[in-house]
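The structure presented is a predicted model; accordingly, all values stated were derived computationally and were not measured. Below, chain A is the first sequence line, B the second, and so on; all start at residue 1.
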Amino acid sequence: MDLRVKLPGLDLKNPIIPASGCFGFGREFAELYDLSKLGGIAIKSATPERRFGNPTPRVAETPSGMLNAIGLQNPGVDEIIEKELPWLAGFDTEIIANVAGATEDDYVTVIEKLNDSPVIKAYELNISCPNVKHGGIGLGTKPELAAKVTAMAKKAAKKPVYVKLSPNVTDIVEIAKAVEEAGADGLVLINTLMGMRIDLATGKPIIANVTGGLSGPAIKPVAVRMVYQTAQAVNIPIIGVGGITCAEDVLEFLYAGASAVEVGMYNFVDPYCCVKIIDELPKVLEKYGFSSVGEAVGKSFR
Amino acid sequence: MDLRVKLPGLDLKNPIIPASGCFGFGREFAELYDLSKLGGIAIKSATPERRFGNPTPRVAETPSGMLNAIGLQNPGVDEIIEKELPWLAGFDTEIIANVAGATEDDYVTVIEKLNDSPVIKAYELNISCPNVKHGGIGLGTKPELAAKVTAMAKKAAKKPVYVKLSPNVTDIVEIAKAVEEAGADGLVLINTLMGMRIDLATGKPIIANVTGGLSGPAIKPVAVRMVYQTAQAVNIPIIGVGGITCAEDVLEFLYAGASAVEVGMYNFVDPYCCVKIIDELPKVLEKYGFSSVGEAVGKSFR
Amino acid sequence: MQAADVRVTENIKIAKDTYKMTMEWEKSSTMRPGQFVNVQVDGFMLRRPISISLVPDRRHFVIVYKIVGEGTAKLSQVKAGDIINIFGPLGSSYPIHDDTDSILLIGGGVGVPPLLELARVYKKIRMKTYVVLGFNDGESVFYEEEFKKLGCEVYVATMDGSYGVKGTVMDAIEAADIDSTFVYCCGPVPMLKAVEAKYTKGYMSFESRMACGMGACMACVAKDKKEENMYHRICKEGPVFPIGKVDY
Amino acid sequence: MQAADVRVTENIKIAKDTYKMTMEWEKSSTMRPGQFVNVQVDGFMLRRPISISLVPDRRHFVIVYKIVGEGTAKLSQVKAGDIINIFGPLGSSYPIHDDTDSILLIGGGVGVPPLLELARVYKKIRMKTYVVLGFNDGESVFYEEEFKKLGCEVYVATMDGSYGVKGTVMDAIEAADIDSTFVYCCGPVPMLKAVEAKYTKGYMSFESRMACGMGACMACVAKDKKEENMYHRICKEGPVFPIGKVDY
Ligand SMILES: Cc1cc2nc3c(=O)[nH]c(=O)nc-3n(C[C@H](O)[C@H](O)[C@H](O)COP(=O)(O)OP(=O)(O)OC[C@H]3O[C@@H](n4cnc5c(N)ncnc54)[C@H](O)[C@@H]3O)c2cc1C
Ligand SMILES: Cc1cc2nc3c(=O)[nH]c(=O)nc-3n(C[C@H](O)[C@H](O)[C@H](O)COP(=O)(O)OP(=O)(O)OC[C@H]3O[C@@H](n4cnc5c(N)ncnc54)[C@H](O)[C@@H]3O)c2cc1C
Ligand SMILES: Cc1cc2nc3c(=O)[nH]c(=O)nc-3n(C[C@H](O)[C@H](O)[C@H](O)COP(=O)(O)O)c2cc1C
Ligand SMILES: Cc1cc2nc3c(=O)[nH]c(=O)nc-3n(C[C@H](O)[C@H](O)[C@H](O)COP(=O)(O)O)c2cc1C
Ligand code: FES
Ligand code: FES
């Protein structure tokens, strides 16, 4: 079974990538299994400076999912370059740098610093976070803003740029097209849906940040729908993410038009899930009559 | 315990209302319990003419939820007036007519026909469905379109008009404000999230209509968040809906700012759930220190 | 119809991927052949519609189901003594005709189970009853003995010929030269089509993806074959319809 | 740390809403006092972090948990013989000091369990061990006998005075005039604050809402009390920290 997937900048040995924020920089999971088994790793969002993130509680459970408002806690790009990337260089897997910021310039700063690292194979712009320059709205919610940060990132970047879109929009296709036109090499769909939970005893939001991002199986139908709609409207590859728990879920995303996938919160439910999915995938693909990952991509609309 | 809720046009003996499309016209549930126990009933969306709706399969299960694409199957407003409303008149509960259409004029037509029925206490505009006049996009996704249909409905209506908003938007508050300004007497939040599932064996969408509306506990965090954001931005009451299964969920929506709630797909899981919730609600309210429903409304931000 | 917690008294494998579950419910005697129950499965939202296969006495009923997905797989793990929630009996039942000479019951796969209760009812009025059962292979065959014990004349067909006549139920009917013209049929769509092409009298059972199972949600509808504007809810007007009624 | 399916050998109620569950796991001997396991509960997504309370032998370990929500309620229904999945051992453990005269273990509610394994370890080196346990009421008291059996000097306080000293653990410490200054403390935040106000030497355990439980997601962090830019993951650098280290 041919599990290989070739995408701009990424030579994946299989289509399974732990999603940004759900895998840190891989150190903890390396105690459980060999990270070289993974197709790639999307590391935690990097910002120009060290960020502490939001107050706690930062997570809450929901039916078939969870909310999080970590607030992009990360050691800052310099420390990532100094301490994390050399360590990650020891594994045979494709490292994707997820890039975030409070302004467009932040994205450029982070990218320029990462450009010379041979460990990083591609960038993934996290444009879902609230942006201070634009009154706290996410760059990912307006086509012009999404296009602008993409164009700036592309200009700065010496490696392919993927843009990770926010699902909290009226028309995902409009945003995807704007980003494609601005030069994106690929798309990652989807980030979390905005949600909240209220504590019955206090009457106040459980998450200190009030709202949080909903992820997990609960959002899978929304993610599959967005990949399906977008895949038919753009000519750049899509990495699907949202609620994946097993190889069957991966196949559903491939059918919808994703070329590879990321696995997020399920790493918390079953810390071995990524390697289990990689093990199961050949059997599942074979069961449904495929001899490679590529054959299943976009089957739902072809 | 005071469960009564007074809203424009609606004198609810308790805040529990089965949601439109999940209760038909009540005939089947009347075989299970006395409909007079309910605060109100939101009947199936009425259109000017009889509609058969979408091809089958129309439903699919998802983690903690389901997808549906019924396609507004209903007997048409005339038959509803002739056959369903006289029957519903036999119950001591507030009937809300959910109104839908393929054009704005359809809403006016349905409302004008229902105006003289003493059974109907208020209208609920379903503006989530694709609208033929506007290239198939939902009226609920653009503030101007939502405002326009609201204004037209208000002009035609002899009873209060609630507008049921679509959650598939970038900014729910913007739509809510536009609708309030256009004269809406209240809001119903939320309708279903657009999602899809793909059959592993065929590679094709399970739902014949390709996409469907996601409902159930999976979407509750999104619904609570939207009620919370909207309640702080408008001065008209909100009926909360999305994933409610028990009295605790009701309290969460009250905290978020809803004055009453609708229960949708959980009627399929437990057909007695509405009366069970009504029975449990006093105990739950008491447990958390309330002596009326009203006291809990909006507690999360007050 | 009503939702009830019932005690499972038996849940055993009777053929390949096929399980028979018996439940104790004091209202079992209200169940009619052809009706179904909507079964709650732990961990799943929507209930699973499963036909009532037999009402052996006034306080018990039996269902037979095949593992086809996660819900039925989970159901197969239920143990005797466990409590599960059922909602039923739901839908229409097979009308009983005593004005015909003989009847022919045609079942395919998990379309077989509801015919057993029907046969039991017909045998009480001593009706001559032919039963033709179709399965994929010999390992999947079940209920042959049960129908025989009731006094029916039973024929089995398997697609791969590993048991009984090789081929479809239609092949078995031809081979046995059964001349009965009043049929009751439950099974996969191709079988229904073949039966409808040959027979005009009798009843058929349909399946459809359901949500409420009680007629409220309009998930399960099918159009009438003749009247343009008429539709039927499989869960309410159905699952049993006269042959030729439903456009499927 | 590792995820494993383990067999439950006992799951019994030991006080009001409080359960003790024993599991069989061949790696139990790798567990240190103060560490926790992340327990998978059927029907829930996130695992529940629960302290390791005792490692009675090399192949078994014990947790004690209180029903506070749906997950722990479901856990209480697990039966001896059932298999559950645990992930652990996780986090830091209580460092053992043999250079002190005596130690004082202070536990409140479900903060009591991890102290039992700690006491067991200390009793092996014959350390003079004072134990002060605080509960809401007499019905909630547990483990008094277990600590006594190990040879500890045990005092109990209840908020309503229905058992032991009326008041908090601090009241009990005062009443018994315990002069030990090296403390290990686990319990609710007000208790931690009170202990921190009086003692400067020793260790404390913290709780936090967790997702991964292994240091990868940053859900559970707390700031350092002194260093501006330093933070600690409760699940990884914690849950045990030296007194005065963490800003909570
Ligand atoms: C009136 C009626 C009577 C039935 N009687 C029997 C019976 O006696 N024995 C038996 O084995 N099967 C019967 N079926 C089919 C049975 O309902 C499905 O096999 C079962 O729901 C599959 O559930 P699952 O979780 O294993 O499959 P999944 O594919 O995982 O189920 C996903 C969803 O699709 C629905 N679904 C999947 N297949 C079908 C289907 N064929 N019909 C309706 N819904 C489906 C499920 O109910 C569930 O909501 C009947 C169906 C109907 C409508
Ligand atoms: C390191 C550590 C050790 C612990 N040891 C014990 C122990 O030995 N005995 C014991 O009874 N309890 C212990 N707890 C608390 C225990 O984790 C919670 O009581 C439990 O998770 C509640 O789950 P629930 O589903 O019943 O509650 P719910 O409120 O329904 O849970 C909802 C979510 O919130 C989380 N949550 C709720 N309360 C807490 C809490 N206090 N701490 C962390 N997460 C919480 C749950 O894990 C779950 O994700 C410990 C917590 C931590 C962090
Ligand atoms: C705890 C947590 C932290 C996350 N942090 C980030 C992040 O830093 N950057 C980012 O782009 N996405 C982040 N995400 C979003 C995930 O990468 C992923 O898009 C989302 O969780 C949906 O996938 P899932 O359903 O498989 O979890 C985070 C998600 C979780 C649960
Ligand atoms: C089968 C089904 C049919 C529905 N039909 C309608 C409808 O006709 N009009 C409408 O406004 N909403 C309709 N809805 C949406 C519900 O009224 C409700 O807004 C939604 O399901 C969210 O609530 P829930 O999570 O409690 O189901 C339908 C939902 C379902 C599941
Ligand atoms: S399943 Fe709801 S109407 Fe048939
Ligand atoms: S719970 Fe994930 S870092 Fe602590």
Side-chain angles (χ1 to χ4, degrees), chain B residues 18-19 21-33 43-45 49-76 79 200-201 206-208 212 215-218 243 245 264-273 276, chain C residues 1-5 30 37-49 68-74 84-91 189 206-224 227-239 246-248:
Chain B
C22 302
F23 209 73
F25 298 94
R27 284 189 188 273
E28 296 77 22
F29 285 88
E31 292 180 44
L32 300 179
Y33 58 79
I43 57 178
K44 177 75 191 167
S45 280
E49 314 290 335
R50 162 186 287 269
R51 275 177 64 112
F52 177 72
N54 292 323
T56 55
R58 293 177 171 185
V59 292
E61 198 178 43
T62 70
S64 296
M66 67 174 279
L67 292 167
N68 91 80
I70 306 295
L72 300 178
Q73 171 161 4
N74 80 96
E79 192 176 317
L200 292 181
I206 292 185
I207 299 234
S215 59
T245 68
M265 78 150 288
Y266 212 70
N267 285 293
F268 312 150
V269 180
D270 178 357
Y272 304 92
C273 69
K276 282 188 191 162
Chain C
M1 87 189 158
Q2 113 184 42
D5 282 334
T30 63
V37 287
N38 225 352
V39 180
Q40 198 161 70
V41 184
D42 202 35
F44 295 87
M45 296 295 296
L46 296 179
R47 289 165 180 261
R48 269 46 180 179
V68 298
E70 292 185 71
T72 43
K74 182 91 188 187
I84 66 172
N85 191 278
I86 55 124
F87 182 48
L90 300 169
V189 167
F206 294 87
E207 288 189 359
S208 179
R209 297 241 170 187
M210 296 182 174
C212 72
M214 64 190 286
C217 76
M218 303 296 146
C220 64
V221 299
K223 288 194 177 168
D224 192 86
E227 283 189 54
E228 173 72 35
N229 263 325
M230 193 167 186
Y231 61 82
H232 308 287
R233 294 167 295 185
I234 303 289
C235 72
K236 191 79 181 176
E237 285 80 43
V246 174
D247 187 21
Y248 60 102

Q | Test: B:E61 and C:R48 ion pair at under 4.0 Å | A | yes
For [X] and [Y], work out which heavy atoms get closest and say how close.
X: C:Q2; Y: B:L32; value: CA-CD2, 4.4 Å
X: C:M45; Y: B:P217; value: CE-CD, 3.4 Å
X: C:A219; Y: B:V59; value: CB-CG1, 3.5 Å
X: B:M66; Y: C:A211; value: CE-CB, 3.9 Å

So CZ of C:R233 and CD of B:E28: to nearest 0.5 Å the spacing works out to 5.0 Å
If I measure from the heavy atoms of chain B, does C:K236 come under 4.5 Å with its side chain, its backbone, both, or neither?
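Looking at C:K236, just its side chain touches chain B.
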- Task: Could you tell me whether the side chain of B:R58 reaches within less than 4.5 Å of the side chain of C:V221, counting heavy atoms only?
- Result: yes
Open item on the list: In the structure I gave you, are the side-chain heavy atoms of C:M218 and B:N74 within less than 4.5 Å of one another anywhere?
Closed with: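 No, their side chains stay 4.5 Å or more apart.
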Name the region of B:F29, side chain, backbone, both or neither, that has any atom closer than 4.5 Å to a heavy atom of chain C.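 It is both, since atoms from each part get that close.
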Quick check on B:Y272 against chain C: is it the side chain, the backbone, both or neither that has a heavy atom closer than 4.5 Å?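 Contact with chain C involves the side chain of B:Y272 alone.
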Are there more than 12 heavy atoms of other residues, nucleotides or ligands under 6.0 Å from atom CG of C:D247?
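Yes, CG of C:D247 has more than 12 neighbouring heavy atoms, counting only those of other groups under 6.0 Å.
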**Item:** Residue C:E70 excluded, over 12 heavy atoms near CD under 6.0 Å
**Value:** no
Quick one: of C:R209, C:M210, C:M214, who has the most non-hydrogen atom pairs under 4.5 Å with chain B?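 Highest number of pairs under 4.5 Å: C:M214.
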